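Read the numbers this way: they start at 1 and go in the same order the structure lists the ligands and their atoms. Not measured: the values here are computed from a predicted model.
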Amino acid sequence: MTEYAVRTQTDLKRLIRAAGACDDTIAECVKSIGVDAVVHAVMREVLDRTDLRGCPAAEVLFRLHGGAPPQSQGSDVVIRVADDGTVALATMSTASVTATVAQSLPEVVRSVFGPRGSASTATRVLQWTAESSPETFGRPDPAFETVRRLLDSIDRSYHASLAELCVRSGSDKWGVHQYPQHYERHFQTVRDRPLTILEIGVGGYDNPRRGGESLRMWKRYFPRAAVYGIDIIDKSSLSESRMTILRADQADPVDLARVLEITGPLDIIIDDGSHVSAHVIATFALLFPALRSGGMYVIEDLQTSYWPHFGGKAGVYDDMETSVGFLKAMVDGLNHAEIDNRAQASTDACVKGMHFYHNLAFLEKGENRDEGAPSWLRGL
Ligand SMILES: C[S@@+](CC[C@H](N)C(=O)[O-])C[C@H]1O[C@@H](n2cnc3c(N)ncnc32)[C@H](O)[C@@H]1O
């Protein structure tokens with residue numbers, strides 16, 4: 001079987017942006033990328049999203065056509081779920097197809113990659129292969145469940161909560177930590193935007209074949225995002241569509257410059273890397289300028305700021321060389337317009353908000369240039 005793929009992340013980004021537009025725009029984008037490549041990229045995404053554990057074996061033929069009849073520019077793809085739970089994408093159907101799903105490709109592209117609320121099933125026709133009989137009537141075929149889960153992944157891109165995705169992906173952000181509740185509070189309103197996200201720290205430490213749990217969680221939580229991860233260990237072989245892993249040391253300015261050349265401007269940055277205070281501070285200085293206005297910079301595991309073996313300081317709470325001390329000084333920066341004779345910091349005018357939780361901080365980038373109180377009120 002030949003597996004087609006959208007050739008570059010750039011094509012996928014184009015498709016995701018087009019998915020927010022009308023059918024004609026989506027159809028034009030599909031044409032320029034190639035129908036087969038788009039069909040396989042979309043169905044690969046559907047498979048990445050679907051939890052098929054425990055599902056009965058089934059073979060589902062998707063006939064994705066160009067739109068209203070005459071149904072031009074179509075492509076068939078088959079999803080095979082085997083008894084042992086393995087899943088494959090194929091281009092040819094066999095005699096044992098359980099169900100056939102016919103739907104317009106632009107509608108499927110919009111449902112899978114479009115903004116929240118844009119999914120629809122207007123053009124969908126579902127046909128079961130097995131003939132109904134008096135014996136089987138009223139006794140649902142076990143394979144119905146497999147088909148339901150696949151179709152749910154198309155129709156309900158925004159259904160799962162971050163905590164659910166966190167547990168499903170195996171990230172320690174929920175359970176060991178309690179981070180998803182805070183992430184969801186800040187991220188749910190931008191969940192359907194075509195964001196560029198970078199997480200420092202892929203997980204799995206020295207093993208190049210392990211990690212990627214939180215990146216998969218972000219990919220699933222943000223169905224329209226391009227997700228990048230960096231790690232000091234080369235874990236690039238774990239890359240998937242919409243999820244690119246690069247080797248980089250967060251403490252090395254040359255590595256980070258190379259990463260930014262690839263990612264371009266960022267909407268969300270999450271530092272879950274070494275947690276060494278000096279690295280956290282240096283990484284912030286290098287990456288914060290690449291964050292777009294309105295973007296969010298998140299630092300996890302701030303408890304290490306109090307631990308000397310992570311370069312933190314025990315019993316010292318406002319030392320600028322510790323991550324928490326560094327962040328506390330930024331709180332003064334939020335109020336810089338009210339403070340006389342303060343040495344200006346480069347972040348004063350562009351950090352608009354800060355939110356602190358247990359071991360976790362969110363820094364919101366934006367204009368912080370409001371005027372201070374008048375001198376008569378300040379007693380000057
Ligand atoms: C806590 S794990 C990341 C967990 C992952 N983000 C998750 O939530 O599933 C930390 C990762 O940071 C990586 N790391 C350690 N030092 C680093 C550095 N200087 N630069 C980049 N990555 C580093 C480690 O190899 C490890 O895989």
What protein heavy atom is closest to [atom], reported as residue, atom name and distance in Å?
atom                    : value
atom 2 (S) of ligand 1  : Tyr205 OH, 3.4 Å
atom 13 (C) of ligand 1 : Asp231 OD2, 3.3 Å
atom 20 (N) of ligand 1 : Gln250 N, 2.9 Å
atom 7 (C) of ligand 1  : Ser214 OG, 3.1 Å
atom 8 (O) of ligand 1  : Lys173 NZ, 3.0 Å
atom 16 (N) of ligand 1 : Ser274 CB, 3.4 Å

Can you confirm whether the side chains of [X] and [Y] place a donor and an acceptor under 3.5 Å from each other?
X      : Y      : result
Ser120 : Glu107 : yes
Tyr179 : Asp301 : yes
Thr283 : Asp271 : no

Gly229 to ligand 1, any heavy atom closer than 4.0 Å |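 Not so, Gly229 does not reach ligand 1.
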Quick one: does Gly211 get a heavy atom under 4.0 Å from ligand 1?
->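 Judged by the 4.0 Å heavy-atom criterion, Gly211 does not count as contacting ligand 1.
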Any N or O of Ser171 that comes nearer than 3.5 Å to an N or O of ligand 1?
->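 Such a contact does occur with ligand 1.
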Short N/O distance, under 3.5 Å, between Gly201 and ligand 1?
->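 Checking ligand 1 against Gly201, an N or O pair does fall under 3.5 Å apart.
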Shared ILVMFWY cluster between Phe356 and Ile269, side chains joined below 4.5 angstrom?
->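 Yes, Phe356 and Ile269 fall within the same hydrophobic cluster.
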Sub-4.0 Å atoms of ligand 1 with respect to non-hydrogen atoms of Gly273 |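 In order of numbering, the contacting atoms are 10 (C), 12 (O).
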Atoms in ligand 1 with a heavy atom of Ala248 nearer than 4.0 Å |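 Listed by number with element: 20 (N), 21 (C).
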[options]: member with heavy atom nearest to [atom]:
atom                    : options                        : answer
atom 4 (C) of ligand 1  : Asp272, Val276, Ile200, Leu256 : Asp272
atom 18 (C) of ligand 1 : Asp206, Val176, Asp172, Asp249 : Asp249
atom 21 (C) of ligand 1 : Asp271, Ile232, Leu215         : Ile232

With no hydrogens and no angle check, is any side-chain donor or acceptor of [X] less than 3.5 Å from a backbone partner on [Y]?
X      : Y      : result
Arg191 : Tyr158 : yes
Ser111 : Ala119 : no
Lys219 : Val227 : no

Geometric cation-pi criterion, Arg210 with Tyr205: 6.0 Å, 45° |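 No.
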Determine, using ring centers only, whether Tyr297 and Phe284 are less than 6.0 Å apart.
->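 When the ring centroids of Phe284 and Tyr297 are compared, they turn out to be within the sub-6.0 Å range.
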Do you know which of Phe222, Tyr357, Trp218 makes ring pair (Phe, Tyr, Trp, His ring centres under 6.0 Å) with Tyr183?
->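 Exactly one option meets the ring pair (Phe, Tyr, Trp, His ring centres under 6.0 Å) with Tyr183, and it is Trp218.
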